[in-house]
2 protein chains.
Amino acid sequence: MDILELESFLPYRLYRLADAVSREFSKVYKDRHGLTRPEWRTLSGLGQRGTMTATALGEQSAMHKTKVSRAVAELERRRWLVRTPDEDDRRVEHLTLTKAGLAAYREMVPLAKAFERELLAKLSVGERGSIARGLAALESGLTSDKNGP
Amino acid sequence: MDILELESFLPYRLYRLADAVSREFSKVYKDRHGLTRPEWRTLSGLGQRGTMTATALGEQSAMHKTKVSRAVAELERRRWLVRTPDEDDRRVEHLTLTKAGLAAYREMVPLAKAFERELLAKLSVGERGSIARGLAALESGLTSDKNGP
DNA sequence: TTTCGATGGCTACAAATGAAACCAGTTTGG
DNA sequence: CCAAACTGGTTTCATTTGTAGCCATCGAAA
């Protein structure tokens with residue numbers, strides 16, 4: 001009889017790994033600032049790009065509109081970002097971190113980098129290369145057929 | 001100023017990839033049988049191993065107890081599995097797929113394998129090897145320090 | 001034994017998520 | 001010019017998830 005070995009099934013392995021890593025990293029921003037993942041991604045996106053619209057944020061960080069909307073609302077409530085209406089299109093808002101938001105971002109960046117470094121530190125150089133190539137390959141394999149007919 | 005490039009941040013990349021793949025694959029078991037992911041994993045685990053306790057299922061498929069509990073309850077409601085109390089320890093229940101459950105499992109296995117095959121089909125042999133090695137390396141890097149002092 | 005800490009499994013409540021509907025505002029085609 | 005289709009963003013509601021606490025049972029230690 002034909003069976004499936006869950007432990008070596010790629011979707012499962014990927015998910016489990018990502019879940020473990022993400023859960024571990026979430027401690028960093030949760031413990032430090034009580035952020036949720038969508039909030040962290042929003043902070044990160046704005047810190048990186050300077051100013052973005054909600055839609056752009058959603059695309060960059062692969063989040064559903066509603067996640068973005070709620071994350072932005074919360075960061076605004078904390079006064080970590082401000083919205084400035086677009087001149088030409090009144091539906092659009094440009095989001096920018098405030099001083100406080102930027103401070104939080106600046107504090108998070110080294111922690112994030114350290115986390116990633118530690119994660120990779122356990123691997124050999126060859127292994128690091130393997131992940132880089134493997135992930136890139138899978139990523140491009142996926143995104144290319146996202147656009148259906 | 002120091003910034004973090006979200007798009008190349010490993011935890012983010014992993015999560016996004018896993019999420020996309022998992023979401024795509026979930027269509028298979030959702031469309032076919034209206035299963036949730038925990039339910040699918042439960043089915044898969046039992047199909048693979050024959051008989052397991054809820055705790056064992058949780059460990060094998062990396063699911064929280066409550067997810068397991070609820071998934072098992074649902075599969076039992078569908079009469080896809082039965083519980084048999086352990087002889088020695090009356091807290092423990094052994095879970096086994098019924099004929100119906102097994103039929104569903106048998107139907108799913110080829111679909112799962114086909115999905116994985118297609119996912120990998122877009123990659124070169126070298127790239128496939130890279131993922132295999134990369135994932136394995138990260139996995140062992142993680143599990144080894146899960147056991148804190 | 002009795003008692004006390006673990007363990008298997010469930011449930012109740014709170015928080016996070018997704019789908020779909022919605023509201024403005026904008027574009028397009030007649 | 002105006003209706004219809006579309007887009008940015010929010011809200012509502014149902015579903016899913018996690019946390020914490022519960023219950024029953026078990027094992028060990030007194």
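From a predicted model like this one, the values you see are computed outputs, not experimental measurements. Worth knowing before you read on, the calculation uses all heavy atoms, side chains too, and leaves out hydrogens, waters and symmetry mates. Chain letters run A, B, ... following the sequence lines, proteins first and then strands; every chain starts at 1.
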Worksheet item: Hey, are the side chains of B/Met108 and A/Leu4 touching, using non-hydrogen atoms and a 4.5 Å cut-off?
Response: no
Worksheet item: If you pin B/Arg70 and B/Ala54 to their nearest nucleotides in DNA chain C, which one's is more 5'?
Response: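 On the 5' side of the pair lies B/Ala54.
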Worksheet item: Would B/Glu74 and B/Arg77 pass as an ion pair if we require N to O under 4.0 Å?
Response: yes
Fill in: Sugar-phosphate only, base, or nothing, as touched by B/Asp86 at under 4.0 Å among non-hydrogen atoms
nothing
Discussion item. Base, sugar-phosphate or nothing for B/Thr66? Non-hydrogen atoms, less than 4.0 Å.
Written reply: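 B/Thr66: base contact, heavy atoms under 4.0 Å.
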Discussion item. Over 60° means perpendicular and under 30° means parallel, so tell me whether B/Tyr15 and A/Tyr15 are parallel, tilted or perpendicular.
Written reply: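 Rings of B/Tyr15 and A/Tyr15: tilted, as their planes differ by 30° to 60°.
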Tell me: [atom1] of [X] to [atom2] of [N], nearest whole Å?
X	N	atom1	atom2	answer
B/Leu35	D/dT16	CG	C1'	15 Å
A/Glu87	C/dG25	CD	P	15 Å
A/Met63	D/dT10	CE	P	12 Å
B/Glu93	D/dT25	CD	C1'	13 Å
B/Arg90	C/dA6	CZ	P	23 Å
A/Glu74	C/dT17	CD	C1'	16 Å
A/Gln60	D/dG8	CD	P	17 Å
B/His64	C/dA15	NE2	P	16 Å

Measure from the side-chain heavy atoms of [X] and tell me the nearest of [options].
X	options	value
A/Thr55	C/dG9, D/dG8, C/dG25	D/dG8
B/Thr53	D/dT10, C/dG9, D/dG9	C/dG9
B/Arg37	D/dT17, D/dG9, C/dT17	D/dT17
B/Val92	C/dG18, D/dT10, C/dG9	C/dG9
B/Asp89	D/dG9, D/dT25, D/dT16	D/dT25
A/Lys67	C/dT26, C/dG18, C/dC10	C/dG18

Discussion item. Hydrogens and angles aside, do A/Ser61 and A/Arg41 bring a side-chain donor and acceptor to less than 3.5 Å of each other?
Written reply: no
Worksheet entry | Side-chain donor-acceptor contact under 3.5 Å, B/Gln60 with A/Glu7 | yes
Worksheet item: Does A/Ser69 make a side-chain N or O approach to OP1 or OP2 of D/dG9 shorter than 4.0 Å?
Response: no
Item to complete: Let me know, please, whether A/Asp19 or A/Lys65 comes out on the 5' side of the other along DNA chain D by nearest nucleotide.
Response: A/Lys65
Worksheet item: Would you say B/Lys113's side chain and A/Phe9's backbone share a donor-acceptor pair under 3.5 angstrom?
Response: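 The answer is no, because no donor-acceptor pair under 3.5 Å joins these two groups.
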Practice prompt. Assess whether one donor atom and one acceptor atom, taken from the side chain of A/Arg83 and the base of D/dG9, lie less than 3.5 Å apart.
Written response: no
Practice prompt. Return yes if the base of C/dT26 and the side-chain atoms of A/Arg91 contain a donor-acceptor N/O pair under 3.5 Å, otherwise no.
Written response: no
